[in-house]
Amino acid sequence: MKAAVVRFPGSNCDFDMYYALQDFGVDVAFVDEKATSLAGFDAVFLPGGFSYGDYLRTGAVARFAPVMDAVRAAADDHKLVVGICNGFQILTEAGLLPGQLMMNEHPGFICDEVPLEIVNQTSRFSKAYETQTVTLPVAHGEGRYVADEATLEALHDNNQIIFKYRTNVNGSMDQIAGISNRNGNVFGMMPHPERAVDALLGNTDGQAFFKSLLTPIMTEALVTE
């Protein structure tokens with residue numbers, strides 16, 4: 001399996017994602033924002049950070065980067081596209097996920113570990129978890145998920161809400177922490193599973209996230225070799 005980690009000016013969680021994927025045996029490579037093709041990659045990851053300094057709104061400038069046309073093409077081709085924190089913000093700004101991430105309910109940067117509830121335990125992003133609650137790090141100032149009522153209703157009806165906060169972390173509607181698109185191949189979340197895969201860091205609750213989404217792709221790759 002080959003995965004791309006897209007780097008925008010201001011990305012700062014790119015190496016976190018790179019090493020997390022590498023730990024799970026993925027052939028991973030960095031791709032910068034000027035790339036016009038993601039051909040040959042099985043999955044695309046948009047890491048956290050402050051793309052383009054988060055000017056205007058978080059992700060609002062990054063959505064116009066040349067690479068985003070290739071990201072859309074990968075999503076349309078049913079390839080796996082994952083955005084974490086700033087990556088989630090970029091995916092919503094680009095229209096690849098519904099809703100938007102706004103300033104936290106109480107303005108300020110939150111850096112903590114928070115409990116999450118796995119709402120959809122059969123999704124490709126959560127099915128390896130053997131528990132319904134996990135704890136993952138968060139680090140954001142604009143992580144409050146907002147959407148209109150019709151969008152929220154559709155997210156519930158189609159089981160697109162994968163993770164919820166168990167407490168009011170940032171004022172997100174319905175405590176939403178992570179969602180997928182309707183096709184189930186594009187996913188975004190504000191918490192950082194890539195920062196919770198090594199026992200040295202004191203938290204391994206992110207391991208099952210990567211096992212959930214990578215195992216089917218890697219198994220398929222082995223079958224076709």
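Quantities reported herein were computed from a predicted structural model and do not represent experimental measurements.
Heavy-atom minimum distance, Gln132 versus Gln121: CA-NE2, 3.6 Å. The heavy-atom pair separating Gly206 from Tyr129 by the smallest distance is CA-OH, 4.0 Å. In terms of heavy atoms, Ala128 sits closest to Ala208 at CB-O, 3.5 Å. Counting all heavy atoms, side chain and backbone alike, Ala4 lies closest to Phe41 at N-CD2, 3.4 Å. The minimum heavy-atom distance between Leu136 and Ala196, with the atom names listed, is CD2-CB, 3.8 Å. The two residues Ala62 and Ser51 make their nearest non-hydrogen contact at CB-OG, 3.6 Å.
No side-chain donor-acceptor contact under 3.5 Å links Asp69 to the backbone of Ala73. Asn158 places no side-chain N or O within donor-acceptor distance of the main-chain N or O of Gln160, the cut-off being under 3.5 Å. A donor-acceptor contact shorter than 3.5 Å links the side chain of Asp32 to the backbone of Lys34. Asn203 places a side-chain N or O within donor-acceptor distance of the main-chain N or O of Thr135, the cut-off being under 3.5 Å. A donor-acceptor pair is defined here as one N or O able to donate and one able to accept, closer than 3.5 Å; no such pair exists between the side chain of Thr58 and the backbone of Asp54. The main-chain N or O of Ser212 is never found under 3.5 Å from a side-chain atom of Thr215 such that the two would form a donor-acceptor pair. Not a single donor-acceptor pair under 3.5 Å links the side chain of Asp16 to the backbone N or O of Glu194.
Of the residues listed (Met189, Met190, Arg195), the one engaging His192 in a side-chain contact (heavy atoms from CB on, under 4.5 Å) is Arg195, and it is the only one. The one candidate from Leu46, Val71, Asn181 that meets the side-chain contact (heavy atoms from CB on, under 4.5 Å) condition with Leu96 is Val71. When the options Ile176, Asn120, Leu152 are evaluated for a side-chain contact (heavy atoms from CB on, under 4.5 Å) with Ile161, the one that passes is Ile176.
Judged purely by distance below 3.5 Å, without hydrogens or angles, the side chains of His78 and Asn183 never pair a donor atom with an acceptor atom. Between the side chains of Thr151 and Asp148, at least one donor N or O sits under 3.5 Å from an acceptor N or O. Side-chain contact annotation: Asp174 with Ser172, donor-acceptor N/O pair under 3.5 Å absent. Judged by distance alone, the side chains of Glu93 and Gln100 do bring a donor and an acceptor atom under 3.5 Å apart.
Between Tyr145 and Tyr165, the ring center distance fails the sub-6.0 Å criterion.
In this structure the side chain of Val5 reaches within 4.5 angstrom of the side chain of Val28, judged on heavy atoms. Side-chain contact between Val134 and Ile118: present, with at least one pair of heavy atoms (C-beta onward) separated by less than 4.5 Å. Pro98 is listed as a side-chain neighbour of Ile179, based on a closest heavy-atom distance under 4.5 Å. The closest side-chain heavy-atom distance from Arg166 to Gln175 is not below 4.5 Å. For the pair Phe15 and Phe30, the minimum side-chain heavy-atom distance is below 4.5 Å. By the 4.5 Å heavy-atom criterion applied to side chains, Pro193 and Ile84 are counted as neighbours. Residues Phe24 and Gln207 form a side-chain contact, since some pair of their non-hydrogen atoms from C-beta on lies under 4.5 Å apart. Side chains of Leu97 and Val186 form a contact here, defined as non-hydrogen atoms less than 4.5 Å apart.
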Query raised in the report: Stepwise, does the salt bridge (Lys or Arg N to Asp or Glu O under 4.0 Å) test hold for Asp42 with Lys2?
Result: CA-CA 5 Å; Asp42 303 296; Lys2 190 169 184 179; over 6 Å; no
Query - Stepwise side chain to side chain donor-acceptor pair (under 3.5 Å) test for Glu105 and Asn168 - result: CA-CA 9 Å; Glu105 183 177 34; Asn168 182 16; 2.9 Å; yes
Query raised in the report: Going through the checks in order, is the side-chain contact (heavy atoms from CB on, under 4.5 Å) test met by Glu142 and Met102?
Result: CA-CA 5 Å; Glu142 297 179 63; Met102 303 290 288; over 6 Å; no
Query raised in the report: side-chain contact (heavy atoms from CB on, under 4.5 Å) between Asn170 and Ile110: does it pass, once the steps are laid out?
Result: CA-CA 8 Å; Asn170 51 31; Ile110 299 171; 4.2 Å; yes
**Report entry** Criterion side-chain contact (heavy atoms from CB on, under 4.5 Å) on Val26 and Leu214, from CA distance to verdict
**Finding:** CA-CA 8 Å; Val26 177; Leu214 294 176; 3.7 Å; yes
Requested in this report: May I have the step-by-step check of side-chain contact (heavy atoms from CB on, under 4.5 Å) for Lys164 and Val119, ending in yes or no?
Outcome: CA-CA 7 Å; Lys164 281 188 177 185; Val119 181; 3.5 Å; yes
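Cluster annotation: Tyr19 is connected to Met1 through the hydrophobic network of ILVMFWY side chains, with a link wherever side-chain heavy atoms come within less than 4.5 Å. Leu200 and Phe210 fall into different hydrophobic clusters, where Ile, Leu, Val, Met, Phe, Trp and Tyr residues are linked whenever their side-chain heavy atoms come under 4.5 Å apart, directly or through other members. At a threshold of 4.5 Å between side-chain heavy atoms, the hydrophobic network of Ile, Leu, Val, Met, Phe, Trp and Tyr places Phe88 and Tyr52 in one connected group. Taken together through direct or relayed side-chain contacts under 4.5 Å among Ile, Leu, Val, Met, Phe, Trp and Tyr, Phe45 and Phe50 form parts of separate hydrophobic clusters. A chain of hydrophobic side-chain contacts below 4.5 Å, direct or via other Ile, Leu, Val, Met, Phe, Trp or Tyr residues, connects Tyr18 to Leu80.
Salt bridge present: Arg7 and Asp14 bring a charged side-chain N and a carboxylate O closer than 4.0 Å.
Between Phe187 and Phe163, the ring planes are perpendicular. Angles over 60° get that label, and only those under 30° would be called parallel.
Atom CD1 in Ile162 sits 12.5 Å away from atom CG in Leu116 (nearest 0.5 Å). One distance of note links CD of Gln89 with CZ of Arg63; it measures 14.0 Å at 0.5 Å rounding. In this structure, the separation between CZ on Arg72 and CG on Asp77 is 15.5 Å, given to the nearest 0.5 Å.
Heavy-atom neighbours of Phe109 CZ from other residues, nucleotides or ligands within 6.0 Å: above the threshold of 12.
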